[in-house]
Amino acid sequence: MADTIKPNPNEATTHDAQLAAENMASGEEKVQKVDFDADYAAAQQFSVSEIDRTPEGASAAETATAPKFEVPEAEDKTSEAQSTGNPSDYLELAKEVGGSQNEGVSNVSDDLVKQAIEKGQPKK
């Protein structure tokens, strides 16, 4: 099914396209006919090369797309932090974080850390 192009000079993006559209609209230039179905069928012929339609082409494509390196299987690894429950570990950590010279300023004091540890202890 051939469709006829309907040029619109107002939609032309360049001056040459605008002149061509005006000439087609006035009848000075022949209006092109486009057969979209035939163009689509022709494009399908170009989408696959002749060699790809043969068994040799299929094996060549498989060889070309095969991975070049062996990829090992992924292994699930789990790690679990051991809970010590020792308050001195937390005090050392708080001192390291609070005493950093090249990081942001911290207003955490040793007394504040001790209070936090005491509040975190279970009631007896």
Side-chain angles (χ1 to χ4, degrees):
M1 175 179 165
D3 292 332
T4 304
I5 296 175
K6 298 178 181 96
N8 184 351
N10 295 330
E11 292 179 359
T13 56
T14 64
H15 182 66
D16 290 337
Q18 184 179 9
L19 290 176
E22 288 172 356
N23 288 340
M24 286 181 207
S26 68
E28 292 177 36
E29 204 171 306
K30 183 179 173 185
V31 177
Q32 301 293 321
K33 293 191 184 253
V34 178
D35 188 353
F36 291 108
D37 294 330
D39 287 347
Y40 181 75
Q44 295 306 305
Q45 294 299 317
F46 291 115
S47 68
V48 178
S49 69
E50 292 298 323
I51 187 82
D52 289 338
R53 293 187 177 108
T54 64
E56 293 85 15
S59 66
E62 187 175 326
T63 303
T65 58
K68 293 181 176 48
F69 302 104
E70 189 175 318
V71 179
E73 289 292 323
E75 297 177 11
D76 288 338
K77 294 187 177 184
T78 58
S79 62
E80 189 174 314
Q82 298 297 325
S83 174
T84 63
N86 186 357
S88 63
D89 292 341
Y90 300 108
L91 281 173
E92 288 299 318
L93 179 64
K95 287 178 183 176
E96 288 176 16
V97 172
S100 176
Q101 299 298 317
N102 51 1
E103 296 284 327
V105 178
S106 174
N107 59 356
V108 178
S109 66
D110 287 342
D111 293 333
L112 187 60
V113 172
K114 287 178 184 175
Q115 287 176 0
I117 291 173
E118 288 170 6
K119 288 184 179 182
Q121 296 295 323
K123 292 187 179 184
K124 295 181 182 178

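We count residues from 1, following the sequence as given.
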Side-chain donor-acceptor pairs under 3.5 Å in residues 112-120, sequence neighbours left out?
none

So which atom in Met24 and which in Lys30 form the shortest heavy-atom distance, rounded to 0.1 Å? CG-O, 4.0 Å
What is the minimum heavy-atom distance between Ala64 and Lys68, and which atoms define it? O-NZ, 4.4 Å
Which side-chain N or O atoms in residues 14-22 pair as donor and acceptor under 3.5 Å with protein atoms at least two apart or in another chain?
from  : atom 1 : to    : atom 2 : distance (Å)
Thr14 : OG1    : Ala17 : N      : 3.2

Would you say that more than 12 heavy atoms from the other residues, nucleotides or ligands in this model lie under 6.0 Å from the CD of Glu62, or not? no
